[in-house]
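Here the structure comes first, spelled out in C-alpha cells, and everything after it is commentary.
Position 1 is the first residue of the sequence; numbering continues from there.
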Amino acid sequence: APQCAPTLSPSPPIHLLPPHSPITVAQELTLAAKVRADFPILHQEVNGHPLVYLDNAATSQKPRAVLEALQNYYQLDNANVHRGVHNLSARATESYEGARDKVAAFVKATSRDEIVFTRNASEAINLVAYAWGMTTLQPGDEIILSVMEHHSNLVPWQFVAQRTGAVLKFVGLTADRSFDLDQYRDLVNDKTRLVAVNHVSNTLGCINPVDAIIEIAHRHGARVLIDGCQSAPHMALDLPAMGCDWFVASGHKMCAPTGIGFLYGKLDLLEAMPPFMGGGEMIADVFLDHSTYAELPHKFEAGTPAIAEAIALGAAVDYLSAIGMENIAAYEHELTAYLYQQMQTIPEVTLYGPLPEADGSGRAALVTFTVEGVHAQDLSTLLDQSGIAIRSGHHCTQPLHRILGVDSTARASLYFYNTKAEIDSFVAALKDTIEFFKGVFDDED
C-alpha cells in the first residue's frame, strides 16, 4: 500500500541510483549530478523506492535557495509592500520590486514596467482577455488559436468571443503532429486581430515557430500572445527580439513557488489597457464617484500581492540564471535524445508529437504516450508503486486529445535535475508494468 508520508533520507546523497541501472555515478558527471543536492525533495523514498520525479511539465521542484527566500521573508521582513515607511516594509518592498527587475532581465524586457506579477499564467491570460480583448474586439474580428492549446489559453478567448462577437479560428496539426504553419498562413487575414498560441505544447512537446507566427500576424496588423509556461523554464528568452506583444509564464514550473506568475507586455499596449481588477495598490486617487489609476505596472496589481512568492520567483530566476539557460537547454537535449531512444525500444508504446533531432533538440524534454491495452491512469498508478512520478490524463488539452483519438495519455517530463539513470529506472518500471498487464490479460483469457 502507498505510504502516507515519504521517508526522508537522513543525509541526502547527491545522486540516487537504482540498482538495476547500468549507469554508474562515476559515469554521470552531469549538470544534474551537480545540482541535485540543492533539491531536498528529490532525496526520499516513495513506496520503498528512490523517488524518480518525471512530472516537471505540471510543476517543478524547488531548490534550497528558493525555499530559503520564502522563509527569510516571513522570518525577517514580513510586512506589506509600498504602503509603509517602517524598516520592514521598506525591505519587503525592495525585495519585491527587486524580483520584478530580475524577471525583466531574465526575459530581456526593455523596461521593468513591462512585467506585471500575477497569480499564474492563467490569470495573466485572463488579464489580457478582459483588459484588452473585451474592450477592443468587435463582432467579426478573428482570434486565431491552435488545437494544441492548454485550456488556460482557450477558455478565456471563448469568453471574449461569446461577449464581443469575435470569431475563433484554429490551426491544426501537421502529419508529425506539430503546428501547421502553412494552414496558419492561410488563416491569417486582415480580420485577424489576435493570435494566441503556446510556445511549447505541454502535450505534444513541439516547439512552435513563434518567430514566423509573430511576423505573419504583425504583417496583418494583429497582436500576438505567447503562452510561455513550457518554454520559460527550459530555454533562454529574448522577448523584444521575439517580438510578441504579450508573453505569460507560471513561476511554479520554473523552480519558484505556486501562486506567482507574470505577464510581459509591450509598454504602449499595457499603458493603453484599462485595469483588470479594482482595489488597493492599483489607484492614484479615489473619490466617491470615480478614481484615477496608478502607473504601470501597479495599475494591474490590485490588492496585497503575493509578496513572498514574488521574492522567491526572483530567487528562482537567480538560480536558473546562475546555471545558465543555454546550459539547461543543452543538457535537456541530451536527456531528450536518451529518453526517446529508450522509449522507442518498447513496441507496445505509441508516442505523440514530433520526434527530436538526433541530438535531442527540436522539441521539449517530455514524452507523451499510450500503452496498448492499458489505461494511462492505471499505468501511472502502478509506476507510482515503483517510486516513478509521471502524469496521466488529458493534460488540460481535451480538444487535442479528441483529435488524437484518445481520452487519456501518460506523460513523462524532464528537468535539468533529472538523470539518465532515472530514465533507465522509468523505462525498466514501464516494461515491468507492461508485462504485469500482459499477465493479467493472459489470466483473464
Side-chain angles (χ1 to χ4, degrees), residues 59-84 86-128 131 152 227-229 231-233 237 239 246-265 267 270 275-283 294-322 325:
T59 198
S60 64
Q61 299 303 337
K62 321 307 174 193
R64 282 193 176 88
V66 170
L67 301 177
E68 290 169 357
L70 284 170
Q71 186 176 21
N72 287 342
Y73 166 74
Y74 284 119
Q75 283 190 342
L76 302 175
D77 298 335
N78 183 37
N80 214 328
V81 293
H82 303 140
R83 303 172 186 174
H86 59 81
N87 194 269
L88 266 61
S89 179
R91 294 204 307 254
T93 300
E94 182 178 5
S95 296
Y96 178 78
E97 292 299 334
R100 194 188 312 275
D101 292 330
K102 293 174 182 179
V103 173
F106 187 73
V107 300
K108 295 183 170 57
T110 57
S111 168
R112 69 188 311 275
D113 293 339
E114 293 178 322
I115 303 299
V116 177
F117 285 135
T118 60
R119 288 183 303 158
N120 44 50
S122 298
E123 184 178 279
I125 294 170
N126 275 273
L127 192 162
V128 178
S152 293
D227 174 358
C229 283
S231 61
L237 295 171
L239 298 187
W246 301 282
F247 183 97
V248 305
S250 280
H252 71 93
K253 296 182 191 293
M254 48 189 292
C255 294
T258 55
I260 189 68
F262 67 88
L263 166 69
Y264 159 88
L267 207 59
L270 294 180
F276 173 41
M277 294 188 293
E281 289 286 309
M282 51 73 67
I283 52 84
E295 298 294 322
L296 290 175
H298 306 293
K299 178 173 71 171
F300 296 112
E301 295 179 6
T304 298
I307 303 169
E309 290 82 356
I311 292 170
L313 172 60
V317 166
D318 284 343
Y319 185 84
L320 295 174
S321 299
M325 296 307 297

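Ion pairing between a basic and an acidic side chain is recognised when a charged N comes within 4.0 Å of a carboxylate O; Glu94 and Arg91 show no such pairing.
Although no hydrogens or angles enter the test, the distance criterion places a donor-acceptor pair under 3.5 Å between the side chain of Lys299 and the main chain of Leu270. Under a 3.5 Å cut-off, the side chain of Glu301 and the backbone N or O of Glu281 do not form any donor-acceptor pair. A distance-only check finds a donor-acceptor pair linking the side chain of Ser231 to the backbone of Gly228 [under 3.5 Å]. When atom types are taken as modelled, the side chain of Arg112 and the backbone of Ala104 share no donor-acceptor pair closer than 3.5 angstrom. Under the 3.5 Å distance criterion, the side-chain polar atoms of Tyr73 are matched with a main-chain donor or acceptor of Ala79. Between the side chain of Lys62 and the backbone N or O of Ser60, at least one donor-acceptor pair lies under 3.5 Å. Judged purely by atom type and a 3.5 angstrom limit, Thr118 has no side-chain atom pairing as donor or acceptor with the backbone of Glu123. A donor-acceptor contact shorter than 3.5 Å is absent between the side chain of Ser250 and the backbone of Gly261.
In terms of heavy atoms, Ala109 sits closest to Ile115 at CB-CD1, 4.4 Å. In this structure, Tyr96 and Ile311 approach most closely via the heavy-atom pair N-CG1, 3.8 Å. Annotation for Ala65 and Ala315: closest pair O-CB, 4.0 Å, computed over non-hydrogen atoms. Residues Ala316 and Met254 come closest through the heavy atom pair CB-O, 3.6 Å. In this structure, Ala302 and Gly279 approach most closely via the heavy-atom pair CB-N, 4.3 Å. For the residue pair Val66 and Ala256, the shortest heavy atom distance occurs at CG1-CA, 4.3 Å.
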Original post:
Given Phe276 and Asn126, is the side chain to side chain contact (heavy atoms under 4.5 Å, CB included) satisfied, shown in steps?
Top reply: CA-CA 9 Å; Phe276 173 41; Asn126 275 273; 4.2 Å; yes

**OP:** Go through Trp246 and Leu127 one step at a time and tell me if the side chain to side chain contact (heavy atoms under 4.5 Å, CB included) criterion holds.
**Re:** CA-CA 11 Å; Trp246 301 282; Leu127 192 162; over 6 Å; no

**OP:** Walk me through it: do Glu114 and Leu296 pass the test side chain to side chain contact (heavy atoms under 4.5 Å, CB included)?
**Re:** CA-CA 8 Å; Glu114 293 178 322; Leu296 290 175; over 6 Å; no

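Here the CZ atom belonging to Arg100 is positioned 8.0 Å from the CG atom belonging to Asp113, to the nearest 0.5 angstrom. Rounding to the nearest 0.5 angstrom, the gap separating the CD atom in Gln71 from the CD atom in Gln75 is 4.0 Å. Taking CD1 of Ile283 as the start and NE2 of His298 as the end, the distance is 11.5 Å to the nearest 0.5 Å. With rounding to the nearest 0.5 angstrom, the CG atom of Asn78 is 12.5 Å from the CG atom of Asn72. For the atom pair Asp227 CG and Ser152 OG, the distance stands at 7.5 Å (nearest 0.5 Å). Note that CE of Met325 and CZ of Phe106 are 4.0 Å apart. Values are rounded to the nearest 0.5 Å.
Taking 4.5 Å as the limit, some side-chain heavy atom of His82 sits within range of a side-chain heavy atom of Glu97. Two residues are said to be in side-chain contact when any heavy atoms from C-beta on lie closer than 4.5 Å; Leu263 and Phe300 fail this criterion. Side-chain contact between Leu313 and Lys102 is absent, with no heavy-atom pair separated by less than 4.5 Å. Looking at Asn80 and Ile307, their side chains come closer than 4.5 Å, going by heavy atoms from C-beta outward.
Among Ser95, Ser89, Pro305, the single residue meeting the side-chain contact (heavy atoms from CB on, under 4.5 Å) criterion with Val81 is Pro305.
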